[in-house]
There are 2 protein chains.
Amino acid sequence: MDGGAEHTHSRDPKRHRQLLIKATLDSVAEVGIAETTISAIIKRARLSRGMIHLHFGGKGSLLAASAASFSDEYYVEMDRQLALTSNSPAETILAVLRADLSPEILNERSVAIWHGLRGEARYNPEIAGYSDTRDKRLRSMINDAFDALLSEPPTVDSKAIANEVTLGTLALLEGMWVDYMTHPNAFSRETAARIITRFLNGVIPGSFNVETTAS
Amino acid sequence: MDGGAEHTHSRDPKRHRQLLIKATLDSVAEVGIAETTISAIIKRARLSRGMIHLHFGGKGSLLAASAASFSDEYYVEMDRQLALTSNSPAETILAVLRADLSPEILNERSVAIWHGLRGEARYNPEIAGYSDTRDKRLRSMINDAFDALLSEPPTVDSKAIANEVTLGTLALLEGMWVDYMTHPNAFSRETAARIITRFLNGVIPGSFNVETTAS
DNA sequence: CTGTGTAATGGACAATCGTCCATTAAGCAA
DNA sequence: TTGCTTAATGGACGATTGTCCATTACACAG
């Protein structure tokens with residue numbers, strides 16, 4: 001019937017699962033979550049229509065699995081970059097900032113997925129869970145560092161300050177992501193990092209010296 | 001055209017146009033932009049199916065008109081609140097912060113619409129235009145105030161600083177909106193305002209004294 | 001080889017999407 | 001009233017949505 005069809009039924013369930021997740025994330029990144037339909041995903045993964053129901057039971061579960069995978073991607077890269085730095089509190093905070101603004105983590109693909117999944121989280125509790133987990137881990141990373149930076153051992157007052165500075169730093173980062181999403185080509189990672197450092201140097205003087213290095 | 005004559009009920013093109021826009025924004029706020037279909041909008045506005053095509057020509061144009069209306073809502077309320085304050089630079093900045101975090105402007109309805117339209121702006125240039133216009137006006141408001149606050153008349157250096165502080169302030173506000181959207185019930189407007197003020201007081205010492213006055 | 005179980009296929013299916021138009025209803029001029 | 005204009009209706013239409021399943025293809029045990 002067919003002479004040279006290289007695409008016969010390749011049997012590899014685990015790889016196909018991963019292929020579907022990747023296709024889903026790529027689709028959300030490129031055409032948005034509204035256009036990420038079963039047909040679009042299947043076409044991208046070059047698999048058959050029934051695969052999604054077979055492996056995930058429905059579109060919702062596939063989206064949730066994709067959110068989990070995306071969260072993993074984030075922390076794998078974050079941990080990789082953090083492993084390269086020393087572990088003083090100020091260094092850790094700066095390293096997190098740099099990583100969160102690095103091209104490997106902050107790019108057009110990731111902001112589009114981030115935005116799409118954030119919206120979907122309101123109606124899919126499973127996705128909300130993964131978003132929340134991601135946020136909490138980042139927050140405790142930064143919060144611990146500010147605790148150590150402000151007072152050793154931390155006092156009630158220093159902890160209160162650390163908490164507020166942590167929330168402010170996270171808000172700054174999230175705001176920068178929004179900025180990047182709305183104007184990807186006008187955005188400057190260096191400017192963003194400099195602004196955040198300026199603010200941190202303001203609230204905690206002397207710990208984030210920036211100006212020394214020539215640019 | 002005329003001042004009175006609002007007796008008619010079934011026939012009122014201008015009112016129906018407005019009704020459709022309101023229904024669209026309400027739908028985006030409550031069920032998300034994906035579920036905001038022609039049927040959903042019509043059902044909400046209690047009008048007939050053909051009205052959208054009649055008055056707007058299509059769903060895309062209705063969304064764009066809704067984005068314009070939403071942008072108006074924002075600035076009408078912002079201007080109203082700003083009119084109540086004195087016009088010293090520091091007071092202006094604080095007033096903008098307070099307004100942007102006030103229940104009239106920052107609420108579950110507005111963040112949901114804001115998020116939904118931001119995502120749609122990638123595929124509908126008309127919507128992107130209104131988002132951009134809104135952002136630019138807010139930015140110049142804050143930037144002008146920082147310019148005046150830092151140096152009178154502004155110097156090249158003070159303008160550079162004002163620009164970065166402006167971008168940082170906007171990022172903080174946008175981050176707070178994201179925070180509010182993801183955890184509406186855990187969010188505290190007072191804490192958010194205090195954090196931003198703390199950061200501003202850090203980068204520009206002495207201009208944003210917080211705890212002293214309550215009025 | 002044949003038999004058995006599972007991976008994979010791709011179309012059937014009802015529901016819903018957005019667009020569009022033939023028809024009806026309402027206001028105004030005569 | 002009669003005629004004319006336009007707002008408004010609501011269903012037809014083809015395309016597409018997500019779900020599901022009867023069928024087929026494959027790997028391996030025997």
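Chain identifiers are assigned alphabetically (A, B, ...) following the order of the sequence lines, protein sequences preceding nucleic acid strands; residue numbering begins at 1 within each chain.
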Using a cut-off of less than 4.0 Å, is there contact between a side-chain N or O of [X] and OP1 or OP2 of [N]?
X	N	answer
B:His55	D:dA7	no
B:His16	D:dA7	no
A:Thr37	D:dT17	yes
A:Ser39	D:dT16	no

Between [options], which nucleotide gets closest to the side-chain atoms of [X]?
X	options	answer
B:Leu54	D:dT9, C:dA8, D:dA12	D:dT9
B:Leu47	C:dA7, C:dC20, D:dT9	D:dT9
A:Lys59	D:dT19, D:dT9, C:dC17	D:dT19
A:Arg49	D:dT9, C:dG11, C:dA8	C:dG11

In whole Å, I'd like the distance from the [atom1] atom of [X] to the [atom2] atom of [N].
X	N	atom1	atom2	answer
B:Leu19	D:dT9	CG	P	11 Å
A:Leu62	D:dT19	CG	C1'	14 Å
A:Ile38	C:dG11	CD1	C1'	15 Å
A:Ile41	D:dT19	CD1	C1'	14 Å
B:Ile42	C:dT19	CD1	C1'	13 Å
B:Ile33	C:dC17	CD1	P	15 Å
A:Asp12	D:dA27	CG	C1'	13 Å
B:Lys43	D:dT9	NZ	P	17 Å

Salt-bridge contact B:Arg137-B:Asp79 (side-chain N to carboxylate O under 4.0 Å): yes
Just by distance, no angles: are the side chains of [X] and [Y] close enough, under 3.5 Å, to form a donor-acceptor pair?
X	Y	value
A:Arg49	A:Ser39	yes
A:Tyr74	A:Asp100	yes
A:Glu164	B:Thr191	no

For residues 165-174 of chain A, run the donor-acceptor check on the side chains, cut-off 3.5 Å, and write out each pair with its distance to 0.1 Å, sequence neighbours left out.
{"unit_1": "A:Thr166", "atom_1": "OG1", "unit_2": "A:Asn143", "atom_2": "OD1", "d": "3.3"}
{"unit_1": "A:Thr166", "atom_1": "OG1", "unit_2": "A:Ala162", "atom_2": "O", "d": "2.7"}
{"unit_1": "A:Thr169", "atom_1": "OG1", "unit_2": "A:Val165", "atom_2": "O", "d": "2.7"}

Worksheet item: Taking for each residue the nucleotide of DNA chain D with the nearest heavy atom, is it A:His53 or A:Glu35 whose nucleotide lies nearer the 5' end?
Response: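 Final value for this comparison: A:Glu35.
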